[in-house]
Amino acid sequence: MSKWNQPQFLPAIVLVFGITSGVGFGVGSYTFVYAKGASYLGNDPATCANCHIMKDHYDAYSKGSHHSVATCNDCHVPHNFVGKYFMKALNGYHHSWAFTTGRFHQPIQITDLNRRIAEQNCRYCHLNIVQMIENRPGHVQEKLECIHCHASVGHLE
């Protein structure tokens, strides 16, 4: 029998676990409320401007070609329920960590995963155009990326 399983250590282990869990829950809850975490569960593009580093991107989106037909989520997260909220959670975690520690590139840069999701979403919404381009006679069968020609769509740069 391990010395940590002996009855005299059990109350101390429970106390340390309780304090650690309580502090973690308290700090997490405070951060969630302070950062307006619940607002990120919806689709309002203005939510992205909650963070100062995204303000320029939000302003560019507001003036861009997609502001009347798409939200940030339409382009930046998968269209299925699980994928959408998984990516929101993953991006939220990474953004929170980066902004809390001050370790982020300014202006913010898209990750490879998020770039692939945006590319997939461009192709989803513009399927007819993509098919016409890729099925035209003489088209080289390399996969084109939408942002190759349309880098500023969505966010004017």
Side-chain angles (χ1 to χ4, degrees), residues 17 19-157:
F17 178 75
I19 291 172
T20 304
S21 299
V23 168
F25 181 77
V27 168
S29 297
Y30 174 79
T31 302
F32 187 79
V33 170
Y34 176 79
K36 303 174 189 167
S39 66
Y40 292 96
L41 299 175
N43 286 321
D44 183 3
T47 300
C48 295
N50 283 349
C51 180
H52 72 278
I53 197 167
M54 295 302 290
K55 179 143 179 32
D56 290 342
H57 292 285
Y58 175 71
D59 290 343
Y61 159 80
S62 297
K63 297 171 189 158
S65 61
H66 284 79
H67 80 277
S68 63
V69 294
T71 67
C72 303
N73 289 327
D74 291 326
C75 299
H76 290 285
V77 297
H79 292 171
N80 64 69
F81 183 83
V82 172
K84 175 181 179 176
Y85 286 101
F86 175 78
M87 285 308 300
K88 280 176 158 269
L90 184 64
N91 287 334
Y93 171 77
H94 287 296
H95 291 166
S96 296
W97 180 260
F99 301 144
T100 300
T101 62
R103 295 179 181 163
F104 60 89
H105 186 276
Q106 199 163 354
I108 194 168
Q109 295 180 326
I110 194 167
T111 65
D112 287 336
L113 174 59
N114 284 292
R115 183 182 302 276
R116 287 193 308 268
I117 290 169
E119 175 72 23
Q120 180 181 0
N121 289 340
C122 289
R123 291 173 170 275
Y124 175 84
C125 291
H126 300 285
L127 182 63
N128 292 339
I129 295 169
V130 171
Q131 286 178 339
M132 286 191 306
I133 292 169
E134 291 183 344
N135 293 330
R136 75 181 191 277
H139 172 68
V140 178
Q141 288 303 315
E142 66 183 70
K143 186 172 180 180
L144 299 173
E145 287 189 340
C146 299
I147 63 167
H148 180 76
C149 299
H150 305 281
S152 65
V153 169
H155 302 285
L156 304 172
E157 295 180 358

Inset, instruction - Ignoring hydrogens and angles, tell me if any N or O in the side chain of H67 forms a donor-acceptor pair with the backbone of G64 under 3.5 Å. - result: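 Side chain of H67 to backbone of G64, a donor-acceptor pair under 3.5 Å: yes, one is there.
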Legend entry - Donor-acceptor contact present, side-chain H79 to main-chain D74, <3.5 Å: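 It does hold such a pair.
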Inset, instruction - Using the test salt bridge (Lys or Arg N to Asp or Glu O under 4.0 Å), find all partners of D44 that sit at least two apart in sequence or belong to another chain. - result: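 Counting only residues at least two positions away or on another chain, D44 forms no salt bridge (Lys or Arg N to Asp or Glu O under 4.0 Å).
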Legend entry - Partner residues of K36 under the salt bridge (Lys or Arg N to Asp or Glu O under 4.0 Å) criterion, sequence neighbours left out: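 Salt bridge (Lys or Arg N to Asp or Glu O under 4.0 Å) list for K36, sorted by chain: empty.
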Inset, instruction - Describe, in one word, how the ring planes of Y30 and Y34 are oriented to each other, choosing from parallel (under 30°), tilted (30 to 60°) and perpendicular (over 60°). - result: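 Parallel.
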Legend entry - Pairing of R115 and E119 as salt bridge, 4.0 angstrom limit: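 So R115 does not pair with E119 through a salt bridge.
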Legend entry - Salt bridge present between D59 and K63 (N-O < 4.0 angstrom):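 K63 and D59: not salt-bridged.
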Nearest-0.5 Å distance, [atom1] of residue [X] to [atom2] of residue [Y]:
{"X": "H150", "Y": "C122", "atom1": "NE2", "atom2": "SG", "value": "8.5 Å"}
{"X": "Y40", "Y": "N73", "atom1": "OH", "atom2": "CG", "value": "12.0 Å"}
{"X": "C146", "Y": "I133", "atom1": "SG", "atom2": "CD1", "value": "8.0 Å"}
{"X": "H57", "Y": "C72", "atom1": "NE2", "atom2": "SG", "value": "10.5 Å"}
{"X": "N128", "Y": "M132", "atom1": "CG", "atom2": "CE", "value": "7.0 Å"}

Suppose we screen for side-chain hydrogen bond (donor to acceptor under 3.5 Å, both in side chains). Which residues come up paired with [X], at least two apart in sequence or across chains?
{"X": "S39", "answer": "N50"}
{"X": "S62", "answer": "none"}
{"X": "N114", "answer": "N91, T111"}

Inset, instruction - Decide yes or no on side chain to side chain contact (heavy atoms under 4.5 Å, CB included) for R123 and E134, but give the supporting numbers first. - result: CA-CA 11 Å; R123 291 173 170 275; E134 291 183 344; 3.0 Å; yes
Inset, instruction - Decide if atom CG of D112 counts as having more than 12 heavy atoms of other residues, nucleotides or ligands within a radius under 6.0 Å. - result: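 No.
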Legend entry - Nearest non-hydrogen partners of V77 and N121, listed with the distance: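 Shortest heavy-atom separation between V77 and N121 comes out as O-ND2, 2.9 Å.
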Legend entry - ring pair (Phe, Tyr, Trp, His ring centres under 6.0 Å) involving F32 - partner list, sequence neighbours excluded: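 Here no residue qualifies.
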Inset, instruction - Check whether any side-chain heavy atom of T100 lies under 4.5 Å from a side-chain heavy atom of T31, and answer yes or no. - result: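 No. Closest side-chain heavy atoms not under 4.5 Å.
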